Amino acid sequence: MIKVLFFGRVADSLDLRVLNLDVNYLSQLCHKLQGQFIAAGLEMNSLSISVNQVLVRGDMALNNGDEVAFFTNFSGG
Amino acid sequence: MVWRSVTLIETPFDAAVNYADFSKRFMAAGAVVSFCGRVRPLTHKGQTIDYLYLDWYPGMTQKSLDHIVDAALGRFDLLGVFVMHRCAKVTAQDIIVQVLTASAHRRAAFEAADFLMDKLKSEAALWKREVGPEIDHWVEPSLSDAQDLMRWG
């Protein structure tokens, strides 16, 4: 099972902070979420993705217990 | 080993106490620089801001702050560095971030504080929402923040 987290505007737009999904690849996860993202007015391509708290680009295999997060660019300070 | 303290905190803090403690710790330093960033009470369009909400990713946000401090320590000749950054709800006019640097000579302390702030604005894993009587929106990174960051190569 993969733990999926959402932060900032992404969490707000989806009205969702966390969910658990059974997927094997990041691309598979993105595909599963695409409909929800579009409905919430979010462009998947403009979002940052981290796996186990490390920013990633492109597809990769996911393992049971991995944590994937979706968010917009940081705007701190 | 350079002394460092990097804290993400959900509640208001006393910047004067932090400064006093830091300054006392580095009595032999030739330079101590202190910077505090406050939440502005107005947006750039003049709308009232009641508070900011800074969303954060437990673990990853702390790592991003640590990484920024690592970069400063790798670049400037510092004796000590202190960063305290608020998250969650931060009321207008509250201090949102405090940066303290100590060095043997002033240039390193000044430049390190400047560098740390530019990095924190763009690379700290935080997401900022402005809330007021007429507004409630997530803030996107600004062009000026990106330009500030580019000063450091």
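All chains are named by letter (A, B, ...) in the order of the sequence lines, taking the proteins before the strands, and each is independently numbered beginning at 1. Note that this is a predicted model, so its numbers are computed, not measured.
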Q | chain A contact via Trp138(B) - side chain, backbone, both or neither, heavy atoms under 4.5 Å | A | side chain

Q. Contact part of Ser50(A) toward chain B, heavy-atom cut-off under 4.5 Å: side chain, backbone, both or neither?
A. side chain

Q. Do Val81(B) and Leu116(B) come within less than 4.5 Å of each other through their side chains, counting heavy atoms only?
A. yes

Q: Return yes if a side-chain donor-acceptor contact under 3.5 Å exists between Glu67(A) and Asn52(A), otherwise no.
A: no

Q: Heavy atoms only, distances under 4.5 angstrom: which of Arg129(B), His137(B), Glu140(B) has the most pairs with chain A? Name it, please.
A: Glu140(B)

Q) Ring centres of Phe76(B) and Phe115(B) under 6.0 Å apart? A) yes

Q) Among the clusters formed by ILVMFWY side chains lying less than 4.5 Å apart, do Trp3(B) and Val32(B) turn up in the same one? A) yes

